[in-house]
Protein chains: 2
Amino acid sequence: MFSYERSCKVRGDGGATIRAVLDRIADKWTLLVVTTLEPGRMRFTELQRHIPGVSQRMLSLTLRHLERDGLVTRDVFAEVPPRVEYELTPVGRSLITPALALADWAIEHLPDIEESREKHDGRMA
Amino acid sequence: MFSYERSCKVRGDGGATIRAVLDRIADKWTLLVVTTLEPGRMRFTELQRHIPGVSQRMLSLTLRHLERDGLVTRDVFAEVPPRVEYELTPVGRSLITPALALADWAIEHLPDIEESREKHDGRMA
DNA sequence: CCGCATCCACCACGATACTG
DNA sequence: CAGTATCGTGGTGGATGCGG
């Protein structure tokens, strides 16, 4: 039932696939932007308000990348003042599930990790 | 049944949790090392052979971090020549499942992403 | 065999200032 | 409101060489 070498999916190509995902999502703001967009379309400033600490520059860059990769759409309205709305594409939306799997793992195991880390550091001091 | 705001797990704390996981696993070699260790304990050189492109330095650093965080154990045998074996802990092993979820997402959607990326770049040229 | 020390290139990110 | 331009910096990771 459970293949012993499940990991072949990750290692099969020498890690190229898993590395490609990480290169895509592992930066500082991407997952935050994606999950913040889950409830629905949102404008730039609104996003910035919902993501504490993000600068205009980084939010802009992150959205540009997400748009380029087809995870987010960008709609510009010809109004004054200008209005721009961002929305997840189906592909972008599909990223939320594995991201939550990761978050679940974090919630469950980060305490263990921090404990182990402190023990280890204690022996070093 | 399905909460609309599932993403609260990721955004709830301003992203601290998800950022902590990423900081832990999103470097270049960690997931490769972890998944390579899935079948069982392995020695340093063996690991290096199974992970194409990794340098001694990076493999060593990655293993040190994994050990510190309690994801991997390190057993040194007092022999000549020296032998060192690495093995996943239960916590380390538990990381494989969400990693595979990410890999599945990658396998399914990376082609879309690359296509979108090419289209986008085409318009820029 | 295993792994650390050193040096160096690159880039992600932040702060700030400025525009349509 | 919704960005871009510019500059400065820390940290990651590659190459190389030495040591137990």
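Here is the naming used below: chain letters follow the sequence lines, and residue numbers restart at 1 for every chain. Hydrogens, waters and symmetry mates play no part in the numbers below; they use all other heavy atoms, side chains included.
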* To do: Select from B:Ser55 and B:Pro82 the residue whose nearest nucleotide in DNA chain D is closer to the 5' end of that strand.
  => B:Ser55

* **ILVMFWY cluster, B:Val76 and B:Leu88 together (side-chain gap under 4.5 Å)** => yes

* How far does NE2 of B:His65 sit from NE2 of A:His120, to the nearest 0.5 angstrom? -> 9.5 Å

* To do: Please find the earliest and latest nucleotides of DNA chain D, in the 5' to 3' direction, that have an atom within less than 4.0 Å of any heavy atom of chain B.
  => D:dG13 to D:dG20

* Structure fact -> Here the salt bridge (Lys or Arg N to Asp or Glu O under 4.0 Å) pairs for residues 43-63 of chain B, sequence neighbours left out, are none

* To do: Among B:Val34, B:Thr36, B:Thr35, B:Leu37, find the residue that satisfies the side-chain contact (heavy atoms from CB on, under 4.5 Å) test when tested with A:Ser7.
  => B:Thr35

* Structure fact -> Across all chains, not counting sequence neighbours, the salt bridge (charged side-chain N to carboxylate O under 4.0 Å, His left out) partners of A:Glu85 are A:Arg41, A:Arg83

* Structure fact -> When rounded to the nearest 0.5 Å, the distance separating CH2 of B:Trp29 from OG of B:Ser55 is 7.5 Å

* Going by heavy atoms closer than 4.0 Å, what residues in residues 62-76 of chain B are next to DNA chain C? -> B:Arg64, B:Arg74

* **Residue met sooner reading DNA chain C from 5', once B:Arg57 and B:Arg83 are mapped to nucleotides** => B:Arg83

* **Cationic N near anionic O, under 4.0 Å, B:Arg117 to B:Asp121** => no

* Which residues, if any, of residues 22-35 of chain B bring a heavy atom under 4.0 Å of DNA chain D? -> B:Asp27, B:Lys28, B:Trp29

* To do: Kindly compute the distance separating CZ (B:Arg24) from CG (B:Asp27), expressed to the nearest 0.5 Å.
  => 6.5 Å

* To do: Of all the heavy-atom pairs spanning B:Phe44 and B:Gln56, show the shortest one and how long it is.
  => CZ-O, 3.8 Å

* Would you jot down, in residue-number order, the residues of residues 42-50 of chain A having a non-hydrogen atom under 4.0 Å from DNA chain D? => A:Arg43, A:Phe44, A:Thr45

* **Any side-chain heavy-atom pair of B:Leu31 and B:Leu95 under 4.5 Å** => yes

* Spell out, as yes or no, whether a donor-acceptor pair under 3.5 Å connects the side chain of A:Thr30 to the backbone of A:Thr62. => no

* To do: Can you tell me the distance, in whole Å, between the CE atom of B:Met58 and the P atom of C:dT6?
  => 17 Å

* Asked: Is the count of non-hydrogen atoms from other residues, nucleotides or ligands lying under 6.0 Å from A:Glu87 atom CD greater than 12?
  -> yes

* To do: Report yes if some heavy atom in the side chain of A:Lys9 is under 4.5 Å from a heavy atom in the side chain of B:Asp104; otherwise report no.
  => yes

* Asked: When all nucleic acid strands are considered with a 4.0 Å heavy-atom cut-off, which category describes B:Tyr86: base, sugar-phosphate, or nothing?
  -> sugar-phosphate

* **B:Ser60 side chain near C:dC4 phosphate (N/O to OP1/OP2, under 4.0 Å)** => yes

* Send over the distance from A:Leu59 CG to C:dC13 P, rounded to a whole Å. => 13 Å

